[in-house]
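Below is one structure; the comments refer to it alone.
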Amino acid sequence: MRLPRTRPRSLAGQLFAMQVVLIAAVVAGCAVFAYVSGSSQAEQTATRQVRAAAVAVADSPSVREAIRTPDPSAVLQPYAEQVRRDTGIAFVTIMDTERRRWTHPDASLIGETFLGHTEEALRGETFTETYTGTLGPSIRVVTPVRDGDRIIGLVSAGITVDRVSSQVREQLGALALAAGGALALGGIGTYVINARLRRHTHGMNAAELSRLHDYHQATLHAVREGLLMLDGQRRIALINDAGRELLGIAPETEALGRTVDELNLPAPLTGALLASEARVDELHLTADRVVVVNTRPVVGGERRGTVVTLRDHTELQALTGELDSERGFTQALRSQAHEAANRLHTVVSLIELGRVEEAVEFATAELELAQVLTDRVVGAVEEPVLAALLLGKAAQANERGVELELAEDSLIDDGALPASLAQRDLVTILGNLIDNAVDAASEGDGLDSAGAVPAQRTGSQGAGRARVTVTALADERELLLRVSDTGPGIGPEEADEVFRRGWSTHGAGRGLGLALVRQAAHRNGGSVELDRAPEGGARFTVRLPLGERTASGDCTAAARTKEVGA
């Protein structure tokens, strides 16, 4: 039968056991130290006590006078016993220089030889020793009795070792009580602290916490979504690699401990990260990316921070833009097919009515009108993606009553654009600029507030008609994309706001196109400028630096430039 594995003790339990052992060892060590120190102190106190008694007796004039009498014991014995009782010592023995006792607590031992050493005292010194005499082991002091320069006797005072030990044992009882109280108090405090630690560590042991930390680190580096954790003071407590990348924080930059305001993020994104309420699937733009932000505050009685997840929406947004362009192409083709059917019916009807010449004239005019823009675009823009985009947008603009024309100086040869310049970004930039221009031109409709044609919009080309003009020009250094319209234009006070996400003249849910234009331009190292068009509307100019191109592309561009110049 296989026995179940025993789960290791939790970290809090291990720390509790270690702390109890440590406190017990400290208390026991302190108790031993106090005992040894108390024993030494008791011995020193006893030595000072018997020394003081012996010296006081030896210096007493009555003792010297009694020694000169024929029977010193008659006077000295009562005196010595009185001193012994008053001082609480074990004995006071007065003797002659031959070590014969004149006093002793046991009167029957008076006259017998003193048990102990007296050599140093006979030389005039006071000394201390531990010696076993008639009362057992004792700490004794022997000092001379002087009569002038002559030593006429000796005094020995002592206290038994047992009495010193009993005093120490009395102190040890109080010490043990104090040690027990300290141990109990320390144990209770340790239990309270470790109970709190157990709650914070969820009862996990050290190995589980270490494994959890390893999993935590591996997850942070492996997950592709950005993860950001803010503490209660809005400082960064944790950020993973994907979060650094999405927020544009360099790997060598120390982010932990910094506030969100110090990251130099766009104001709407900073506001979302600092918001006290939860945010769900909010779309925000950084310098290079479109990110989806989700935030949730961490609340436990008080605000403890915020957990933020970030998802890269850049590629999906670009694909959405391409899908919109494809949908626009489809609608344009459908519209053209519908228009072609109407024109074909008109031609057939004219033939049936016998107006053959008028039918031929109508068909020829329609073909020439439809072919002019196509020939112009295909001849000037050999980049297939841009050419298709321009033709599709032209059809869409025509449906809305807006004329889209290509500027005379437009020229992009096939191969002129490097592979590093993503076609997706070109579609994003030019497609959004044309869409906004068509919207503005169709709203303005080429008329001022009074319904008249503004002077600056009149001329030989489509006077008074809503128009969008596109310039696409690539040279050796940069790609220039310029879109102007005949709409109402944008005031100087709004020039900086138009590129902010959410700015729109069409209400809520719009205002993303120009922000994506600036982001795509920035991603490719370019710039976006806004000024007033000669027709009176807005004019957006995008400049994208070009890298080295292939030799064939350079030759083609040079030949086309020479041809146009001729």
To the nearest 0.5 Å, what is the distance between [atom1] ([X]) and [atom2] ([Y])?
X: Gln519; Y: Ile429; atom1: CD; atom2: CD1; value: 10.5 Å
X: Leu480; Y: Thr471; atom1: CG; atom2: OG1; value: 6.5 Å
X: Ile434; Y: Leu481; atom1: CD1; atom2: CG; value: 9.0 Å
X: Asn240; Y: Leu228; atom1: CG; atom2: CG; value: 8.5 Å

Apply side-chain hydrogen bond (donor to acceptor under 3.5 Å, both in side chains) to [X] and list each qualifying residue two or more places apart in sequence or on a separate chain.
X: Ser484; answer: none
X: Thr541; answer: Arg482
X: Glu478; answer: Arg543

Do [X] and [Y] make a side-chain contact, defined as non-hydrogen atoms from C-beta onward lying under 4.5 Å apart?
X: Leu544; Y: Leu426; result: yes
X: Asp435; Y: Lys393; result: yes
X: Leu433; Y: Leu514; result: yes
X: Glu405; Y: Val468; result: no
X: Val483; Y: Thr469; result: no
X: Arg311; Y: Val291; result: no
X: Thr306; Y: Leu273; result: no

Output yes when a side-chain donor or acceptor of [X] lies under 3.5 Å from a complementary backbone atom of [Y], and no otherwise.
X: Asn524; Y: Gly526; value: no
X: Asp312; Y: Val292; value: no
X: Ser410; Y: Leu473; value: no
X: Asp231; Y: Ala237; value: no

Residue pair [X] / [Y]: nearest heavy atoms and the distance that separates them:
X: Leu246; Y: Gly226; value: CD1-N, 4.0 Å
X: Val528; Y: Ala521; value: CG2-CB, 3.6 Å
X: Asn294; Y: Val280; value: OD1-CA, 3.2 Å
X: Thr486; Y: Ala441; value: OG1-CB, 3.9 Å
X: Pro488; Y: Ala440; value: CD-O, 3.5 Å
X: Ala474; Y: Leu546; value: CB-CD1, 4.3 Å

**Request:** Please determine, by modelled atom types, if Thr309 and Glu225 share a side-chain donor-acceptor pair under 3.5 angstrom.
**Result:**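 The answer is no; no qualifying pair exists.
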**Prompt:** Arg235 and Thr259: side chain to side chain donor-acceptor pair (under 3.5 Å), yes or no, with the steps?
**Reply:** CA-CA 4 Å; Arg235 296 188 300 255; Thr259 61; over 6 Å; no
**Prompt:** What pairs with Ala538 under side-chain contact (heavy atoms from CB on, under 4.5 Å), at least two apart in sequence or on another chain?
**Reply:**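 Expected list: Asp485, Ile490, Leu530, Phe540.
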**Asked** Among all residues two or more places apart in sequence or in another chain, which pass the side-chain contact (heavy atoms from CB on, under 4.5 Å) test with Asp531?
**Response**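 Asp531 satisfies side-chain contact (heavy atoms from CB on, under 4.5 Å) with Arg539 once adjacent residues are dropped.
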Please name all residues satisfying salt bridge (charged side-chain N to carboxylate O under 4.0 Å, His left out) with [X], sequence neighbours left out, ordered by chain then number.
X: Glu262; result: Arg258
X: Arg296; result: none
X: Arg244; result: none

**Prompt:** Knowing that exactly one of Leu230, Thr295, Leu227 qualifies, which makes a side chain to side chain contact (heavy atoms under 4.5 Å, CB included) with Val307?
**Reply:**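 Single side chain to side chain contact (heavy atoms under 4.5 Å, CB included) partner of Val307 among Leu230, Thr295, Leu227: Leu227.
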